Amino acid sequence: MELHVIGRAGSQAVVLLDNEMRIVKPVYDYLKFQRQKDRALNTLKANGSDLRTYWEFLGEYGYEYDKVTPMMIAEFIDYLRASEDVTVLHKESKRTNKTINRILSTVYNFYQFEVDMHEVNNPILMHDVNRPFNAFKGILEHAKADNKTKHSIFKVKESKYRVRLVTDDEMRLFLNHLDKRRDILLYKMLYLTGARIQEILDLEIDSVPLPDMSKAVGCFQQIKSKGKRRNLYVPMSLIKELDDFILEERGLIDTEHGYIFVSEQKKQLGKQLTYSAVYDKLKKIQKEAGIDFNLHDLRHTFNTHLAEMGMDISLRKILMGHEHIYTTQLYTHLSNPYIEDSLSRYWNRSSLIGGGSDGK
């Protein structure tokens with residue numbers, strides 16, 4: 001698809017052409033309407049570019065623009081993230097969450113136009129949110145008595161924080177400053193599996209697979225993951241470390257639950273370890289070691305390294321446990337041996353594999 005600026009009746013118009021060089025009429029009509037509202041040319045070009053991206057998505061997935069559902073919009077968000085491959089080559093995504101939100105806003109406005117003109121349903125759902133109490137004090141109190149405004153439920157979180165990659169050397173330095181075997185294993189799990197912190201904290205003793213050192217990869221079956229379940233693949237050497245830790249230390253702490261990672265402090269002994277405890281330990285050790293990264297950076301690093309070794313994004317999203325991923329559904333036939341072989345090749349690059357817990 002191509003976007004063109006053409007001269008017409010003494011002004012310039014933006015048109016979207018499909019792969020057969022035909023004008024995409026719904027987009028043409030919308031941009032014509034925007035031009036009639038005296039929108040700037042750069043605004044029309046930006047809107048046209050956003051809608052070109054949307055039409056490319058529709059074409060790739062075989063959807064018709066006037067029969068799109070909210071679930072398809074969720075797939076579109078995944079498409080926006082995946083098509084720029086946000087984790088490759090140490091580069092920040094060209095398509096940030098702010099950019100994604102802008103594209104969604106353009107698509108929403110396009111469908112509002114379609115609602116008014118052709119009674120096509122708008123698939124981008126909205127919900128009411130309370131505005132600050134004095135947001136329009138003295139200006140627009142009369143506009144909405146309930147002081148509510150509408151936001152898209154598909155808006156993605158925007159952050160000014162730039163994710164960074166953590167090297168093996170940095171992680172080794174961090175681990176060497178830890179004095180508890182529990183903490184060493186917890187942070188190695190985060191770094192080597194790309195798991196979410198809560199997924200690790202929710203792991204239970206009964207879920208640990210039996211160590212089989214004839215294999216390179218083990219799997220925690222159907223772990224808790226954001227209200228759902230997924231498999232978590234772990235280096236077999238790390239599973240062996242966890243198994244030893246449970247037998248030699250964790251098993252000595254009497255609890256009514258089976259969480260692997262628990263507090264070892266006298267007043268909180270045996271209670272499930274919390275996010276705040278993990279975060280506080282992270283910042284304390286980083287201050288001592290002179291390095292800085294966030295917990296999510298460990299997850300991002302795992303994903304990035306998988307991308308750098310050429311692993312397909314659809315497989316990576318299975319391993320990352322992402323939700324509402326259309327491409328993941330296309331690859332559910334991938335066998336465990338394929339996954340295990342890919343991960344085995346990935347973990348072979350890490351100097352943190354097979355080193356035990358440094359005797360701590």
Side-chain angles (χ1 to χ4, degrees), residues 1 16 18 24-31 33-34 43 46-87 93-131 144 146-159 196 198 224-230 303 313-332:
M1 287 195 164
L16 178 63
D18 64 18
V24 180
K25 192 171 187 307
V27 175
Y28 173 80
D29 290 341
Y30 173 71
L31 294 178
F33 173 72
Q34 293 295 312
T43 299
N47 288 344
S49 177
D50 292 342
L51 291 172
R52 176 183 61 188
T53 300
Y54 183 59
W55 242 258
E56 288 171 344
F57 160 77
L58 295 175
E60 184 171 333
Y61 288 82
Y63 295 148
E64 298 180 35
Y65 85 95
D66 55 351
K67 296 179 181 178
V68 172
T69 67
M71 180 59 72
M72 295 174 185
I73 294 297
E75 294 171 8
F76 178 51
I77 294 174
D78 292 329
Y79 172 87
L80 291 174
R81 288 170 168 156
S83 59
E84 288 291 338
D85 207 350
V86 300
T87 61
S93 169
K94 294 179 181 178
R95 190 170 283 151
T96 64
N97 283 358
K98 184 176 181 180
T99 299
I100 291 173
N101 284 333
R102 189 206 69 226
I103 294 172
L104 291 174
S105 178
T106 299
V107 174
Y108 172 80
N109 290 330
F110 164 77
Y111 275 112
Q112 280 300 101
F113 171 77
E114 290 295 314
V115 168
D116 295 336
M117 297 297 176
H118 305 294
E119 298 183 354
V120 173
N121 291 329
N122 193 333
I124 299 187
L125 304 179
M126 307 291 281
H127 63 175
D128 289 329
V129 295
N130 289 320
R131 294 175 293 186
K144 277 196 175 183
D146 60 3
N147 199 43
K148 292 181 181 293
T149 189
K150 288 185 177 294
H151 283 183
S152 169
I153 68 168
F154 292 107
K155 184 175 182 180
V156 294
K157 183 178 180 180
E158 297 178 14
S159 173
R196 302 176 178 94
Q198 197 58 50
K224 296 178 183 177
S225 177
K226 300 187 72 174
K228 298 183 181 296
R229 296 278 176 173
R230 76 176 183 98
N303 196 8
I313 190 169
S314 55
L315 177 55
R316 283 188 280 124
K317 290 194 174 185
I318 294 175
L319 298 176
M320 296 295 288
H322 286 158
E323 192 176 2
H324 300 308
I325 306 297
Y326 182 79
T327 49
T328 296
Q329 297 170 1
L330 293 176
Y331 285 82
T332 52

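Fair warning: this is a prediction, and the values are worked out from it, not measured in the lab.
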| field | Counterpart residues, side-chain hydrogen bond (donor to acceptor under 3.5 Å, both in side chains), relative to Glu56 (two or more places apart) | value | none
| query | Where do Ser225 and Gly321 come nearest, in terms of heavy atoms and distance? | reply | OG-O, 4.4 Å
| message | Using the side-chain hydrogen bond (donor to acceptor under 3.5 Å, both in side chains) criterion, which residues pair with Glu60? Sequence neighbours excluded. | response | none
| said: Let me confirm one number: the CD1-CE distance from Ile73 to Met71, rounded to the nearest 0.5 Å. | reply: 11.5 Å
| field | Residue from Phe76, Tyr108, Tyr79 passing ring pair (Phe, Tyr, Trp, His ring centres under 6.0 Å) with Tyr54 | value | Phe76
| said: Run the side-chain contact (heavy atoms from CB on, under 4.5 Å) test on Tyr63 and Glu75 for me, step by step, so that the C-alpha distance in whole Å, both residues' side-chain angles and the decisive distance to 0.1 Å come before the verdict. | reply: CA-CA 11 Å; Tyr63 295 148; Glu75 294 171 8; 2.6 Å; yes
| request: Could you grab the distance from atom CZ of Arg196 to atom NZ of Lys224, nearest 0.5 Å is fine? | output: 15.0 Å
| task | Work out which heavy atom in Arg316 is nearest to a heavy atom in Asn303; give both atom names and the distance. | result | NH1-OD1, 3.1 Å
| request: Measure the spacing between CG of Asn101 and CD1 of Ile77 and express it to the nearest 0.5 Å. | output: 8.0 Å
| field | Among Phe110, Tyr28, Phe113, the one residue meeting side chain to side chain contact (heavy atoms under 4.5 Å, CB included) with Phe33 | value | Phe113
| note | Contacts of Asp50 meeting side-chain hydrogen bond (donor to acceptor under 3.5 Å, both in side chains) (sequence neighbours excluded), chain-then-number -> Arg102, Thr106
| task | Supply the atom-to-atom distance Ile103 CD1 to Leu80 CG, rounded to the nearest 0.5 angstrom. | result | 5.0 Å
| message | So, taking the atom named CD in Glu114 and the one named CG in Asp29, what distance separates them when rounded to the nearest 0.5 Å? | response | 7.5 Å
| message | Between Asn109 and Tyr30, is there a side-chain heavy-atom distance shorter than 4.5 Å? | response | yes
| query | Could you state the interatomic distance from CG (Asn47) to CG (Leu16), rounded to the nearest 0.5 Å? | reply | 12.0 Å
| query | Above 12 or not: heavy atoms from other molecules or residues under 6.0 Å from CG of Asn121? | reply | no
